[in-house]
Amino acid sequence: MKKYTIYGMGAALVDTEIQVQDTELDAMGVDKGLMTLVDESRQAELLAQLEGHLVKASHASGGSAGNSMIAAAQFGAPTFMSCKVADDADGAIYVQDLEQAGVAHSMAQRPAGTTGKCLVLISPDAERSMNTFLGISETLSVEQLDSGALADSEYLYIEGYLVTSDTGRAAAIRARELAEAAGVKTVLSFSDPGMVEFFREGLQAMIGTQLDLVFCNRDEALCWGDTDDLITAMERLKPVARHFVVTCGADGALAWDGDTLHEIPPHRVQAVDSNGAGDMFAGAFLYAIGRGEDYATAGRFASLAAGSVVARYGPRLPAADYPALRAEFFGD
């Protein structure tokens, strides 16, 4: 038995989540539904324009892989997270959130600098638009890898956003190489259509020859396959992933287990905030297959978990909801 079910790596960010109107997104020049990298001054400019909203803002640790590791840990899977935060107030918040969720890490010593921040703007249709200042997480490198913890894990989970950083991309490639050498299953999330469109070569380097599992949404799959036909796109995923999951929002998901394509029905809710939905899906899915469930079962559980987080504001659920969902679905 391995010590950890999942070893995750990605950008550590503290989210500020604010509800806005579409007209405000237009006025601020924010691309709706996408993750946009910004510098600290641009993020400050946006916050200044949203000053009247700040009394309603919610703050929480975020980052795609971090959200997924917290979800998996809360459901009951031992997890480890490699990321980088600074010795500042936001860094302390991030580490505290990991520890409260039971996620192991190696950030006892934190360097000087600024912890990354993500301004998440939530539209009335529940769509999230992210403006991310990576801060010190942009310098995540091979130095943040814990080869012992990685070798003692069942799965390596890499956040696709790392492709935007030269050192982060190199760390992801090295982690994948270490995982392959140690017999650890390799998993990647495409993370955002922009990562596929503008950083394809870097993503291919992170993928290597072939991964065990890829998570993507419909738009990312179509972009990767350079097609407007989802069936064609999935055929073009197979050379780079032995297994994959394509999430399709309110239409559910499709999960390829290497032999069969499973149609995963959606868990229908009144959506208010899509921030963290894909992260929750990935964390719940990895928890389920880590406990030995098949892809169809894991997909249904992940759909339930993602639907639950979409029905409330924020990228995660209250701590008590995770064991309750697990008991509701699995009976344990």
Side-chain angles (χ1 to χ4, degrees), residues 6-13 31 33-39 42 62-69 81-84 116 118 129-147 150 155-181 184-227 233-247 278-279 282:
I6 318 160
Y7 180 108
M9 57 185 301
L13 307 170
D31 291 327
L34 299 179
M35 190 286 289
T36 303
L37 290 176
V38 298
D39 58 22
R42 169 61 173 161
S64 179
N67 286 338
S68 296
M69 294 307 99
M81 181 69 189
S82 276
C83 55
K84 190 173 185 179
C118 184
S129 307
M130 299 182 291
N131 294 266
T132 303
F133 167 59
L134 290 172
I136 202 168
S137 67
E138 188 173 10
T139 65
L140 183 145
S141 70
V142 292
E143 293 181 6
Q144 277 68 59
L145 296 179
D146 186 318
S147 58
L150 176 52
Y155 295 90
L156 164 67
Y157 180 74
I158 301 171
E159 169 190 308
Y161 288 125
L162 289 180
V163 74
T164 66
S165 159
D166 290 342
T167 58
R169 184 172 62 254
I173 292 169
R174 181 58 180 154
R176 190 238 321 139
E177 292 170 346
L178 290 171
E180 290 170 344
V184 177
K185 296 181 180 68
T186 54
V187 186
L188 174 76
S189 167
F190 280 168
S191 296
D192 187 89
M195 301 303 101
V196 180
E197 182 177 358
F198 300 114
F199 298 92
R200 186 186 186 92
E201 184 177 338
L203 274 180
Q204 185 63 68
M206 288 164 59
I207 289 167
T209 303
Q210 192 179 42
L211 297 171
D212 286 293
L213 174 59
V214 161
F215 288 100
C216 59
N217 64 26
R218 185 179 187 276
D219 289 343
E220 293 154 6
L222 294 174
C223 189
W224 182 266
D226 191 24
T227 178
M234 289 190 291
E235 286 301 312
R236 292 174 181 172
L237 279 172
K238 290 178 181 178
V240 299
R242 297 177 186 89
H243 316 90
F244 56 78
V245 178
V246 180
T247 56
D279 305 335

Quick one: closest heavy-atom pair of Val184 and Tyr155, and the distance? CG1-C, 3.6 Å
Side-chain donor-acceptor pair under 3.5 Å between Thr247 and Asn217, yes or no? no
To the closest 0.5 Å, what do you measure between CG (Asp146) and CG (Leu178)? 10.5 Å
Begin with the C-alpha distance, continue with both residues' side-chain angles, and end with the deciding distance and a verdict on side chain to side chain contact (heavy atoms under 4.5 Å, CB included) for Arg174 and Glu177. CA-CA 5 Å; Arg174 181 58 180 154; Glu177 292 170 346; 3.5 Å; yes
Donor-acceptor pair, Ser137 side chain versus Ala11 backbone, under 3.5 Å? no
Verify side chain to side chain contact (heavy atoms under 4.5 Å, CB included) between Ile207 and Phe190, making sure each step is shown before the conclusion. CA-CA 10 Å; Ile207 289 167; Phe190 280 168; 4.2 Å; yes
Do the side chain of Ser129 and the main chain of Gly33 share a donor and acceptor less than 3.5 angstrom apart? yes
Hey, what do you get for CG (Leu134) to CG (Leu13), rounding to the nearest 0.5 Å? 6.5 Å
How far does CE of Met206 sit from CZ of Arg176, to the nearest 0.5 angstrom? 9.5 Å
Judged by atom type as modelled, is there a donor-acceptor pair below 3.5 Å linking the side chain of Thr186 to the main-chain atoms of Asp212? yes
Checking side chain to side chain contact (heavy atoms under 4.5 Å, CB included) for the pair Tyr157/Met81: CA distance, chi angles, key distance, verdict? CA-CA 9 Å; Tyr157 180 74; Met81 181 69 189; over 6 Å; no
Give me the atom names and distance for the closest heavy-atom approach of Glu138 to Thr167. O-OG1, 3.3 Å
Donor-acceptor pair, side chain of Glu220 and main chain of Val196, under 3.5 angstrom: no
Give a yes or no on whether the backbone of Ala171 and the side-chain of Ser141 come within a donor-acceptor separation of less than 3.5 Å. no
Between Leu145 and Tyr7, is any pair of side-chain heavy atoms under 4.5 Å apart? yes
Show the nearest heavy-atom pair for residues Phe133 and Asp39, with the distance to one decimal. CD1-C, 3.9 Å
Minimum side-chain heavy-atom gap Leu237-Cys216 below 4.5 Å: yes
If you compare all heavy atoms of Lys84 against all heavy atoms of Thr139, which two are closest, and at what distance to 0.1 Å? NZ-OG1, 3.0 Å
Shortest non-hydrogen contact between Pro193 and Cys223, atoms and distance: O-SG, 4.3 Å
How long is the gap from NZ on Lys238 to CD on Gln210, to the nearest 0.5 Å? 11.5 Å
Has Asp279 got a side-chain atom pairing as donor or acceptor with Asn67's backbone, closer than 3.5 angstrom? no
Measure the spacing between CE of Met195 and OH of Tyr161 and express it to the nearest 0.5 Å. 6.5 Å
Could you tell me whether the side chain of Arg200 and the main chain of Trp224 form a donor-acceptor pair under 3.5 Å? yes
Heavy-atom donor-acceptor pair, Ser82 side chain to Gln144 backbone, under 3.5 Å: yes
For Leu156 and Ala179 the tightest heavy-atom approach is CD2-CB, 3.8 Å
In Å and rounded to the nearest 0.5 Å, what is the SG to CE distance from Cys83 to Met69? 11.0 Å
